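What follows is a structure written as structure tokens; I'll ask about it next.
Reminder, nothing fancy here: chain letters follow the sequence lines and each chain counts from 1. Values below: all heavy atoms of this structure, side chains included; hydrogens, waters and symmetry mates excluded. All values reported here derive from a predicted model rather than from experimental measurement.
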Amino acid sequence: MANKQDNAANEQARVDEATGTEFVGHEWDGIEELDTPMPRWWVWSFYATIVWGIVYVILYPAWPMIEKGTEGVLGWSSRGQFAEEMQAEEARRAPLMAALARIPIERLPENSEQMRAAIAGGAAAFKVNCVQCHGAGAAGSKGYPNLNDDDWIWGGDLKAIEYTLTHGIRWSGSDETRLSYMPAFGRDGMLTRDQISDVTSHVLSLSGNSEPNANGAAIYDTQCAFCHQPSATGNRDLGAPNLADAIWLYGGSRAEVEQQIYNPAHGAMPGWKDRLNPVTIKMLAAYIHSRGGGEDFVEVAADPEVQVDEQP
Amino acid sequence: MSNPNAVDWTKPQQLKPPEPGPLYEKRKAVHPQRIDGTFRRFKWLVMLVTLGVYYITPWIRWDRGPYAPDQAVLIDLANRRFYMFNIEIWPHEFYFVAGMLIMAGIGLFLVTSAVGRAWCGYSCPQTVWTDVFQHIDRFVDGDRNARMRLDKAPWGPKKIARRSFKWMIYLIISFWTGGAWIMYFADAPTLTVDFWTGQAAGVAYATVAILTATTFILGGFLREQVCIYMCPWPRIQTAMLDEKSLIVTYKDWRGEKRGSLKKALKSPEEFGDCIDCNQCVAVCPTGVDIREGAQIGCITCALCIDACDRVMDEIGKPRGLIDYATMEDCEHEAAGGEPRPIAKTLFRPRTLIYFAIWGAIGAAMLFALGVRSHTELTVEQDRNPPFMLMSNGSVRNAYTVRLRNMESRPRDMEIAIKGLEGGTMWSDDIPQSEAARSLVREVAPDATRIVRLYVVAPQQTPSQSFTLTVTSQDEQQEQDSSEVRFEAPGEQS
Ligand code: SF4
Ligand code: SF4
């Protein structure tokens, strides 16, 4: 092996006796390679691949250059193809989108196919627009409502959800936004610390988390019952949350509830009417409604003016 | 260096100017001669059976009821099903297909270690179609000598006519071969009509075109080149064969020294049995001279055995100068021993072990096929969020449930909760007010139904595992269950 390279020229001259073929000069463990000619069809196939390569380079984008690559005479590009496919997909979806645009949201559940399409579209839109506040699983966090549960401050049927999505909550961009403010009972001196403590006890006792407090109950009746109702089940028209259930937007501990009465926090949500088209909002509403706590309509609007697509 | 050709570099060398060999080599046409004999007849039989199976199988009908295709063997790519007589394989049961491929592989090992390259010699598609095309050559151009003459003859109207006629037959057979392939992937009668009326899918035409082209080129022109240069199997085979495997061998201790019949008659003690008539080479479909020993070009089709046996019969010598034999037997016979029965090469540890493995996989698959259920449940739990607190304090978990009905009829299936005290469930198609411990859903034939399930448990239910079961509501009452987790706030137990 050692002096192999020095004598490469000599090696080439050697001929294998059995076959009459020259040695190439490579040897592994006593096995030597013969310079057997290649079959002609093989060589032609090889040339054909070269020709194919040249044709390909001419037809398609191939060589990277300093600024951009060569473009090929066919003008094909992967981006172009992508755009085409997206267009085709949009065209395919157009009738469905048109149907979704026509159907009033309260009639959506009647058509399971449209409902399913709307939920799927809404899930995609949710991932882009809503997860920042409400979380990827729509579970929210303190101050950002959980959309999976059955507690709705402003109503949980499709129409109410669509309205909230369109106009937002306490959003300056819409005149029809949902608006409500709870008085800052402590900060503005409407109640003393002791009174707040009593009323907190009363509110917590409604969901079984504290001893009843007669003094607190009396304060509740004068100060709170107007918005939150005497039964404490809240008022959706005013956006006053249900205080008798197990769900607390700003936390259910004694300190958190007290703080909310003393100096309430008010979340705001942007309305989407200027940024998303009505069909997307409709789909978002369907998706949120489908998360498990969506409510049925009290009555379904029967609007003879509106054409409802009946699909088979 | 152990190579006898190796040069002793310690001595001064005579420098010979290198003579460059040709870069490429034209294929030497092989014109096998007509032959008849035991092995040729066996080859005919195998050819008829394999081609018959290939062309006819898609046309066999099999009644599976109104909801499933009635083609006996069908690879339904669109619906991802594989039908084979009364077996129906779903994508998640792909291990059956994997198992069949493994069995095919081990079967090939088994056959090779027992009877050598029987696959190559008789049933490899390349061998079968090459054989078909060689018979067409013979039919159009005549036997070996006529073909060699025609090959050499200059191109004239007669040769052009002959060749075009022959290639047209090649093309028809190639097209038929490509056409038969697509029949395995769709309903054959419908596809045939669609194909000829221009309504079949583009991929069908492309597949037929590609397979027609490859059959035409590989079977019509490349032939033994495929075996020698393209196919990896002859190389692997070297590792599969041992001295106890049957191969086609020329018994040189009996045949050498070869000489013409005239010479051999003159001085019988000087010459062996081979009369150098070259018949064994003339009939070989790959152009091998078996007298040079075992080689990669020999596909062990045994046609040379037929040829030589005939010669031996004619000159009154015992048959078997070229014969199926193992290397071990050859040595034994060369040393003067008696020929040994072939049957024992079939039963030896190596073949028995292969057979045992092959049989075990087969038995396991048959068992799995026999006991597999046509009802399946898979459950996927919502992880984000893991649980949901409801306004009345109860806890809700969400699951995506897949109900699989692998029968060709619609079936009602009951999903039920086992465990999880006080837990009830409802699904996305009914309101929570109808929540119960179980619910029934109809699943379409041969389909998977996805149900989104909400399970709710009262306040203070700890996290725990419970079981969801699905039971088909028919006479079979097939069941499947899946253990899932119920997540709740507070203590994990
Ligand atoms: S056919 Fe038999 S006798 Fe004739 S050349 Fe071949 S081995 Fe020798
Ligand atoms: S040498 Fe004999 S067995 Fe081998 S391929 Fe040729 S005819 Fe067939």
Is B:Glu421 atom CD crowded by more than 12 heavy atoms from other residues, nucleotides or ligands, each under 6.0 Å away?
-> no
Which residues from residues 217-227 of chain B are near chain A, with near meaning under 4.5 Å between non-hydrogen atoms?
->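 At a heavy-atom separation under 4.5 Å, chain A is reached by B:Leu222, B:Gln225.
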Atom group of A:Thr21 that falls short of 4.5 Å from chain B, counting heavy atoms =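 Neither the backbone nor the side chain of A:Thr21 comes within 4.5 Å of chain B.
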Measure the spacing between CD1 of A:Ile119 and CZ of B:Arg452 and express it to the nearest 0.5 Å.
-> 9.5 Å
Distance (rounded to the nearest 0.5 Å) between B:Asn392 CG and A:Asp245 CG |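 Spacing of CG (B:Asn392) from CG (A:Asp245) equals 8.5 Å.
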May I ask you to test the B:Arg396-A:Asn148 pair for a side-chain heavy-atom distance under 4.5 Å?
-> yes
What is the distance from atom CG of A:Asp150 to atom CE of B:Met390, rounded to the nearest 0.5 Å?
-> 3.5 Å
With sequence neighbours excluded, give me every ring-ring contact (aromatic ring centres under 6.0 Å, His included) pair touching residues 231-252 of chain A.
-> none
Determine the minimum heavy-atom distance between B:Met230 and A:Trp41, stating which atoms define it.
-> CE-CH2, 3.2 Å
Looking at B:Asp382 and A:Arg291, what are the two nearest heavy atoms and their distance?
->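 Closest approach of B:Asp382 to A:Arg291: OD2-NH2, 4.1 Å.
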With B:Lys28 via salt bridge (charged side-chain N to carboxylate O under 4.0 Å, His left out) - residues at least two apart =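 For B:Lys28, the residues satisfying salt bridge (charged side-chain N to carboxylate O under 4.0 Å, His left out) (neighbours in sequence not counted) are B:Glu25.
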Sorted by first residue and then second, give each ring-ring contact (aromatic ring centres under 6.0 Å, His included) pair with at least one member in residues 121-153 of chain A; sequence neighbours left out.
->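 Applying ring-ring contact (aromatic ring centres under 6.0 Å, His included) to every pair that reaches into residues 121-153 of chain A, excluding sequence neighbours, yields A:Phe126-A:Tyr287.
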Note: B:Tyr454 and A:Ser290 closest approach over all heavy atoms is OH-O, 3.0 Å
Residues, nucleotides or ligands: over 12 heavy atoms within 6.0 Å of A:Trp52 CH2 | no
Would you call A:Ile247 and B:Met388 a side-chain contact if the rule is heavy atoms closer than 4.5 Å?
-> no
Above 12 or not: heavy atoms from other molecules or residues under 6.0 Å from CH2 of A:Trp76?
-> yes
